[in-house]
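Working notes for the structure below.
Per chain, numbering begins at 1; letters A, B, ... match sequence-line order. Computed over heavy atoms, backbone and side chain alike; hydrogens, waters and symmetry mates excluded.
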2 protein chains.
Amino acid sequence: MTYYTNIQDHVWKALSDAKRRAILDSLIKGPRSTGDIVSLFPTIGRTGVLKHLDVLKNSELITIKREGRTRWNYINPAPIAAVCGPWVTRHIHGITQSAADLKALAENSPSEEKQDPS
Amino acid sequence: MTYYTNIQDHVWKALSDAKRRAILDSLIKGPRSTGDIVSLFPTIGRTGVLKHLDVLKNSELITIKREGRTRWNYINPAPIAAVCGPWVTRHIHGITQSAADLKALAENSPSEEKQDPS
DNA sequence: TTAATATGTCACTATATAGTGACATATTAT
DNA sequence: ATAATATGTCACTATATAGTGACATATTAA
């Protein structure tokens, strides 16, 4: 199945690939053009990198700003801080969730985690 | 390709699945038997849960202790603390890695991150 | 011993994902 | 206008992954 509609899953899935994490690492210093990022990965082609950037964009881990024919890719750490940060912290400190949360997690794990009450 | 030989990747891949994160959540309170964990997931079968537990075991996110015919699954937060913690912290605070590290990351991303000098 | 319980293993299916090559479009330089 | 640059899109292939049903094994209860 693996139908996940919430942003949480998108973020974790995006971060599960080593190359995508490397791309994010390379953006900490500052934005890079797409071509520049491509040149950082000699082992895969341009379209491959493009698809990784698409994944990062869809999970909002990068934002994009066009300047002429150049596309500038900016890192956006907000999803990391919002999604992974709390989860990792909770597990490092062994903090238990409420039984109700756990039940929801297990039963419909695609939607997972705390959801907006919208 | 996606041949990853280091533990780092195993951890991120393991955590990329919502059900596996839910299993880990359920273990914060304390160890559970395999059958107990299975009963937490009505949407998938026993073998499905077993495979998730295998993934968690291979990434050392759980440890196992047998007691008669019962297998007790214990959470092990060490890989989270060792692998995800620093990465997440670094990104939340926007801390740059050395250029050499970045180059290594990009060129042979399968092995990724800092490796044992062994 | 026999049956029930709890778990392990395996081959299989279906979907997801990484990666590619070919082609298309937009922008800048000559 | 023409060429070079930078990026976007698409169909395709190969592998990885989630999940299943059937069967096997080990342990406890009757």
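- Nearest approach of Leu61(A) to Pro79(A), heavy atoms of both residues: CD2-CB, 3.9 Å.
- Among residues two or more places apart in sequence or in another chain, the salt bridge (Lys or Arg N to Asp or Glu O under 4.0 Å) test is passed with Asp36(B) by Arg32(B).
- Across Leu56(A) and Ser59(A), no two heavy atoms sit closer than the pair O-OG, 3.2 Å.
- We find that NE2 of His10(B) is positioned 12 Å from P of dA16(D), with the value rounded to whole Å.
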**Report entry** Annotated protein contacts, base or backbone, on nucleotides 4-14 of chain D with a non-hydrogen cut-off under 4.0 Å, one of B, S, - each
**Finding:** BBSBBB-----
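- Between the CZ atom of Phe41(B) and the P atom of dG19(D) there is a distance of 10 Å, rounded to whole Å.
- The shortest non-hydrogen separation linking Cys84(B) to Val88(A) is CB-CG2, 3.9 Å.
- Summarising the geometry, the separation between CG on Leu15(A) and P on dA18(C) is reported as 12 Å, rounded to the nearest angstrom.
- Across the interface with DNA chain C, nearest-nucleotide mapping of Gly45(A) and Gly68(A) shows Gly45(A) to be the residue nearer the 5′ end.
- The distance between atom CG of Asp9(A) and atom C1' of dT17(C), rounded to the nearest whole Å, is 15 Å.
- If you take CD1 of Ile44(A) and C1' of dT17(C), they are 13 Å apart, rounded to a whole angstrom.
- Closest heavy-atom contact between His91(A) and Asp25(B): NE2-OD1, 2.7 Å.
- Distance, Lys19(A) NZ to dT20(C) C1': 13 Å, rounded to whole Å.
- Between Ser33(B) and Asn73(B), the side chains place no donor N or O within less than 3.5 Å of an acceptor N or O (distance only, hydrogens not considered).
- Per the geometry, NZ belonging to Lys65(A) stands 16 Å off P belonging to dT27(C), to the nearest Å.
- Ionic pairing of Arg21(A) and Asp9(B) is present here: one or more N-O contacts between side-chain nitrogen and carboxylate oxygen are shorter than 4.0 angstrom.
- Stem analysis of DNA chain C (at least three stacked-register Watson-Crick or G-U pairs, each with both distances under 3.5 Å) gives C:1-30 with D:1-30.
- Between Arg20(B) atom CZ and dT17(D) atom P there is a gap of 8 Å when expressed in whole angstrom units.
- A distance of 5.0 Å separates OG1 of Thr43(A) from NZ of Lys19(A), quoted to the nearest 0.5 Å.
- A salt bridge does not link Asp54(B) with Arg20(B): every distance from a Lys NZ or Arg NE/NH1/NH2 to an Asp or Glu carboxylate oxygen is 4.0 Å or more.
- Distances shorter than 4.0 Å separate some side-chain N or O of His52(A) from OP1 or OP2 on dG19(C).
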